[in-house]
Each structure stands twice: as C-alpha cells, then as structure tokens.
Amino acid sequence: MWQRIQTLYLGIATALIFSMFFCTFATIIGPDGSDVTIRYSEKLSYLTLMIMLITSHIAATASFKAFFLQARVAMIASLMAIGFQIWLGVDILRFMDEMTFHITALFPLAAAVLNIMAARRALVEEMTITAVKSMKS
C-alpha cells in the first residue's frame with residue numbers, strides 16, 4: 001500500500017487535515033491584553049468540513065488497488081479542500097482587523113495540492129497498467 005507515491009501524498013494530506021482538529025484557527029487580543037483562542041473544532045461548519053475531508057482521504061487511501069476510483073475520490077477531496085479554503089479565506093477577510101490568524105489556515109490548500117498530485121499519479125499508473133496489458137495481448 002505505501003509503495004506508491006500517491007498513497008504517501010494522500011497520507012500527508014490526511015495528516016494535515018487531522019492536525020487541524022487540534023490546532024488554533026485565530027487569536028483575539030482583548031483590550032486588556034488577554035488572549036482568546038478560537039479552534040477549528042469549535043465552529044460547527046469547520047468541524048463538519050474537516051470530518052468530510054478526513055472521510056474522503058481515508059476512502060481514497062483505502063482504494064489503493066483501484067487506481068481510477070482512487071483518482072476520482074482524491075479529486076473530490078481536492079474540490080472539498082478548495083471549498084474549505086475559500087470558506088476560511090472569507091472568514092479571514094471578514095475578521096482581519098479583529099483577529100490574528102495562524103498558518104494552519106493554509107492547510108486545506110496544501111491538502112488540495114497533494115490530492116491533485118495523488119489523483120494525477122493514480123491516473124498515470126492506471127494508464128500504464130492498461131498500456132502494458134494491451135501490449136501483452
């Protein structure tokens with residue numbers, strides 16, 4: 001399973017999204033100097049999207065024998081990650097003056113890039129296997 005590079009890409013993307021369950025999204029600095037942190041798991045919409053992304057990454061990683069299915073699920077996960085990144089970007093632009101955001105807000109974008117790379121590699125392997133089979137017959 002881990003011999004293929006697309007499985008490694010999907011594993012890294014899964015780890016990035018999974019780490020968001022424990023990371024801080026933003027910090028609000030109060031007028032008296034106290035810090036209030038906001039986590040991704042505190043907002044229901046973020047939590048729902050992270051659970052959907054983790055599920056799609058696990059499904060894509062588990063379908064390592066069916067390359068075409070793996071590529072499709074990875075592309076769907078990529079589109080969901082891009083949507084999540086857009087949602088985070090809108091919240092960042094809306095609350096830019098009041099909050100300090102953390103670098104973890106870019107994790108969905110990194111996961112989307114890794115998913116696209118994994119889907120591309122899975123399709124290349126599928127085409128290679130198909131070509132070898134057609135050459136043998």
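Both Tyr46 and Ile28 are assigned to one and the same hydrophobic cluster, defined by single-linkage of ILVMFWY side chains at heavy-atom distances under 4.5 Å. Under a hydrophobic clustering in which Ile, Leu, Val, Met, Phe, Trp and Tyr are joined whenever their side-chain heavy atoms come within less than 4.5 Å, directly or via other members, Leu53 and Ile12 fall into the same cluster. By the criterion of side-chain heavy atoms lying less than 4.5 angstrom apart, applied directly or through intervening Ile, Leu, Val, Met, Phe, Trp or Tyr residues, Leu106 is not grouped with Met117; the two fall into different hydrophobic clusters. Following chains of ILVMFWY side-chain contacts shorter than 4.5 Å, one can reach Ile58 starting from Leu114, so the two form part of one hydrophobic cluster.
In this structure the side chain of Met20 reaches within 4.5 angstrom of the side chain of Ile17, judged on heavy atoms. When side chains are defined from C-beta on, Met80 counts as touching Met52, because their heavy atoms get closer than 4.5 Å. The closest side-chain heavy-atom distance from His102 to Thr27 is below 4.5 Å. The side-chain heavy atoms of Val124 and Gln6, taken from C-beta on, include no pair separated by under 4.5 Å. Side-chain contact between Leu88 and Pro108: present, with at least one pair of heavy atoms (C-beta onward) separated by less than 4.5 Å.
Side chain of Gln70 to main chain of Ala122: no donor-acceptor pair is present (N/O by atom type, distance under 3.5 Å, no hydrogens or angles). Within the 3.5 Å criterion, the main-chain N or O of Leu10 finds a donor-acceptor partner in the side chain of Thr14. Using a distance-only test at 3.5 Å, with no hydrogens or angles considered, a donor-acceptor pair links the side chain of Gln85 to the main chain of Ala105. Without hydrogens or angle criteria, Thr61 side chain to Gly11 main chain gives no donor-acceptor distance under 3.5 Å.
Every ring-ring contact (aromatic ring centres under 6.0 Å, His included) that Tyr40 has, sequence neighbours left out, goes to Phe25. Take Phe18 and apply the side-chain contact (heavy atoms from CB on, under 4.5 Å) test, not counting sequence neighbours, and it matches Phe21, Phe22, Ile54.
Of all non-hydrogen atoms in Ala111 and Leu16, the two that sit nearest each other are N-CD1, 4.2 Å. Of all the heavy atoms in Ser56 and Ala77, the pair that sits closest is OG-CB, 3.3 Å. Ala112 approaches Ser78 most closely through the heavy-atom pair O-OG, 3.5 Å. Shown here for Lys43 and Asp91, the closest heavy-atom pair between the two residues is NZ-OD2, 3.0 Å. Closest non-hydrogen pair, Ala60 versus Ser63, comes out as O-OG, 3.1 Å. The shortest heavy-atom contact between Met50 and Ser41 is CE-N, 4.2 Å.
Trp87 contributes atom CH2, which lies 5.5 Å from atom CG of Leu49 (distance to the nearest 0.5 angstrom). The CE atom of Met127 lies 9.5 Å from the CZ atom of Phe68; values are rounded to the nearest 0.5 Å. We find the CG-CD1 distance between Leu109 and Ile82 to be 7.5 Å, quoted to the nearest 0.5 Å. A distance of 10.5 Å separates CZ of Arg121 from OG1 of Thr7, quoted to the nearest 0.5 Å.
Enclosure of atom CG in Leu93 by more than 12 non-hydrogen atoms of other residues, nucleotides or ligands within 6.0 angstrom is indicated. In Arg39, the CZ atom is crowded: over 12 heavy atoms of neighbouring residues, nucleotides or ligands sit closer than 6.0 Å.
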Before giving the answer on ring pair (Phe, Tyr, Trp, His ring centres under 6.0 Å), spell out for Phe101 and Phe95 the whole-Å C-alpha distance, their side-chain angles and the decisive distance to 0.1 Å.
CA-CA 9 Å; Phe101 297 95; Phe95 300 114; 7.8 Å; no

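Through chains of ILVMFWY side-chain contacts below 4.5 Å, Ile129 is grouped with Phe67. As a member of the Ile/Leu/Val/Met/Phe/Trp/Tyr network built from side-chain separations under 4.5 Å, Val73 groups with Leu69. Its side chain within the 4.5 Å cluster rule, Ile116 clusters with Met75 among the Ile, Leu, Val, Met, Phe, Trp and Tyr residues. If you chain together ILVMFWY residues whose side-chain heavy atoms come under 4.5 Å of each other, Ile29 ends up in a group of its own.
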